Structures are given as structure tokens and as C-alpha cells.
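Side chains included, hydrogens not; waters and symmetry mates left out as well; all remaining heavy atoms used. Note on naming: letters A, B, ... go to the chains in the order of the sequence lines (proteins, then strands), and numbering restarts at 1 for each one. Predicted model only: the values in this text are computed from it and were never measured.
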Protein chains: 2
Amino acid sequence: MSGLKRSGKMVRQSLEGAERACRTQGLRLTDKRKRLLTSLLKAAGPISAYDLAHHYRADHGEELPVMTVYRMLDVFIDAGVVHKLRSTNRFMACRHMACDHPHAATQFLICDSCGIVREMDFADAEISKLNQKARSSGFHLYQEQLELHGVCDRCHSGIEEKTPDARAHG
Amino acid sequence: MSGLKRSGKMVRQSLEGAERACRTQGLRLTDKRKRLLTSLLKAAGPISAYDLAHHYRADHGEELPVMTVYRMLDVFIDAGVVHKLRSTNRFMACRHMACDHPHAATQFLICDSCGIVREMDFADAEISKLNQKARSSGFHLYQEQLELHGVCDRCHSGIEEKTPDARAHG
DNA sequence: GGCAATATGTTACCGCATAACGCCAGCGTC
DNA sequence: GACGCTGGCGTTATGCGGTAACATATTGCC
């Protein structure tokens, strides 16, 4: 799974990575932001800003207005440590937050049945082919983030009916 | 451009295509549905359900509740004559509505500056490669609809600043 | 300390989307 | 014709996603 709940150790490592990323970009990682990121890291998968606010409250016994959540998420997205899934309006911590190296294009496989997301990096060749195609059609892609919808193996093998909480596919 | 306003003749041909599509699937193309589809065909590009309701009123001097608009759009999407852009919450008539042949995968190039959308069909090879990749990652894609965001040539060549009504990418 | 810049809180609002319920038209059956 | 069924449509209310505008607090810097 992708959005797997992270262990304490992983959370710590990820926070350090986020700190690095923020520092190199002149962004402050305040205590609140750190707490929010922790809640996001602990989430089992991509969640909405509103849900994240609820988690924050549950995790830290403190109210955090959605407005603020959105603002913080924007900061993290700019810093490259959080992704937003546009097709489902959900946010998730970047799989590479704990790594040092940056990663460029990102593709997401989204299960419309159980909601889990797999973050993967296709070969550059594929991406540049996409770009090429787009260019020849008069477009300049500036965001190679692909969100591919489907069903994961688990759900595909017959258990679909048991997970009614699938995330909308509009 | 993709969502180009259609001429009277094109609208008529498209409606006939839609009628065929609905008939073969046992769906009724009522007068109201036909009028809604006409309004959608006449739109300059992908529009929201709420905007479509406004257009309907302007076009036919009759109120149409959004609820109904959504229901009708669902019917059309099932029939394959209307697409929903998940990333922008907008709907557009399928470019192939007037054709006889069905078309499988669809990709959309979306300009985040001016909002125009280009509907294109990538080579099957590309799509099957995507599918392959997904399969090897434990996913079954059931919807190859790709929504690629970028900037169109026109907007890219310096006129971006003049179109503040870009559609959200957010 | 004083100032500027940034971070966070508050309020109010808009847009997208759907649940739940009810009404009515059309159609087949007896 | 009465009955019941089905599907199309209307009405109401509501939830969720997202942000503008403005106020206040905190931080960093001189």
C-alpha cells in the first residue's frame, strides 16, 4: 500500500526530510506545521483537508481551522513534500519525504474501490513521450503528475462489494 | 480548440449520434435531455453543471434544477456521449458524438490558463504500455481517461497574463 | 524597542454534488 | 377503468471542498 500508516521512526525520518526541504527553500517548519505534517504522515492514505483538520484535533487536542490547513498544505506542496490528488481532492505525504534526492514526475495509481494510492515513477522515456505528444498538439505540459484510476488487485479479486467507502469517481 | 461552439448542422448531427447511442443502450432521449444536450453542444468549452443550468435557462427560457442537470449528465456519460473532467469538475460533449464508431481511451489536454481543452487519442501502444505498468504494480486500470494539465501555445507565448479566468488547478 | 514580514485566526461566502422524498406520466395487466 | 410498476423529473435540505478579506499574533531583523 502507499498511504500506509507510518511508524514512529518513519515519521521522524520524514519530518527531518521535510525540515531539510523547507530549509533549502527558505520556508519555516513551525511547530504547528510539524504537527500537521505528523498527522498527515500518520494517516492511512490520502485524506481531505477537512479530515486532516479532524485528525489534527484528535492527535493534538487542539483546533486547527481548515483555512490554516489549506495554507499549510500549500506550503508543503511548494516544498515538494506533499502531493495533492486533483481528481479526488485529497492530500498525501510524498513517499520520498525521508529521502534526500528530489524526484521529478510522479504518477499515482488510485483504487476507486478502497481508495488506496500507489505512488510510482514511470520511466522518463514515457513521460517525455507524453510531453512530445502534447507539444505536437499545441500544448506545453507543466505538470506531469498523472492520476490513473482503476482497481487494485485486492479489490479486483472479488472483494469489491465489501468496501462501500470507495472514493468517488465523479 | 476543442470545445468549439458547434454550428446548427453539427448540433443536429451530434443529436442524431446521441440518439443512436441512447437507443442502442435502452436510454430515452427525452425532449428535456435533448435540450440540455443542445446547450452543452453550443457551449464554447467544458462547463460546470451549474453553468450548464444557466445556459439551459438562457437557451430555452425554462428553469432546470441542478439536481436534474446532474442526473441527465450521468445518463449521457453512461451513454458515452459526454465526458466529465474530474480534475476541473466540468463537462463536455464528446468530440465523436456525431460519428458512428465508438472510441475507447480518451486523453485531454487542459490549458490551465485559458481553460480550453483538446481531446485526443493516443496510440493504443501507449495506452497498453500504461496498462501494463499499472498491472505490474498491482492495479487494473478501468478508465484510461487522462487529464493532462499545461498551457496551450497561445497562452504560452506571452498572453497568459491577460486571461485571469483560468480554470483552477488546485 | 520598533519595524517589516510572515504565520495564524475569524468570518463569511461560493461552487460542486447528492440524499431523500414526492409527484406524475406512461405502460402493461387484470 | 383500476391498479401497480417504472422511470423521469421537481423540491428541499445538506454536506463537503475551497477561498476572499480582514484581524491578530509571532518572528526576524535593524
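Ranking C/dA17, C/dA7, D/dC9 by closeness to the B/F91 side chain, first place goes to C/dA17. Distance from the side chain of A/K84 is smallest for D/dG18 among the nucleotides D/dG18, C/dC16, D/dT11.
Straight-line distance from the CD atom of A/E62 to the P atom of C/dT8: 10 Å, rounded to whole Å. In this entry the distance linking OH of A/Y70 with C1' of C/dA12 reads 16 Å, nearest Å. One can place CZ of A/R90 at 14 Å from C1' of C/dC16, the figure rounded to the nearest angstrom. Counting to the nearest Å, the C1' atom of D/dT24 and the CE atom of A/M67 are 15 Å from each other. Rounded to a whole Å, the CG atom of A/L36 is 15 Å from the C1' atom of C/dG9. Look at CG on B/L64: it is 12 Å from C1' on D/dG8, rounded to the nearest Å. For the pair B/K32 NZ and C/dA25 C1', the computed distance is 13 Å after rounding to whole Å. Nucleotide C/dA7 holds its P atom 11 Å from the CG atom of A/L29, rounded to whole Å.
Using a 4.0 Å cut-off between a side-chain N of Lys or Arg and a carboxylate O of Asp or Glu, B/R86 and A/E147 do not qualify as a salt bridge. A salt bridge is defined here as a Lys NZ or Arg NE, NH1 or NH2 lying under 4.0 Å from an Asp or Glu carboxylate O, and A/K42 with A/D59 meets this definition.
Side-chain atoms of B/R71 and base atoms of D/dG10 include a donor and an acceptor less than 3.5 Å apart.
Judged purely by distance below 3.5 Å, without hydrogens or angles, the side chains of A/H149 and B/Q145 never pair a donor atom with an acceptor atom.
Following chains of ILVMFWY side-chain contacts shorter than 4.5 Å, one cannot reach A/M67 starting from A/L37, and the two form parts of different hydrophobic clusters.
Taking 4.0 angstrom as the limit, A/T30 places none of its side-chain polar atoms (N or O) nearer than this to OP1 or OP2 of D/dT26. Under 4.0 angstrom from either OP1 or OP2 of C/dC16 there lies at least one side-chain N or O belonging to B/S48.
Residue B/N89 is the one, among B/N89 and B/R28, whose nearest nucleotide of DNA chain C lies closer to the 5' end (criterion: closest heavy atom). Each of A/T68 and A/Y50 lies near DNA chain C, and the nucleotide nearest A/T68 is the one positioned closer to the 5' end.
Between A/A93 and A/L41, the shortest heavy-atom distance links the atoms CB-CD2, 3.6 Å.
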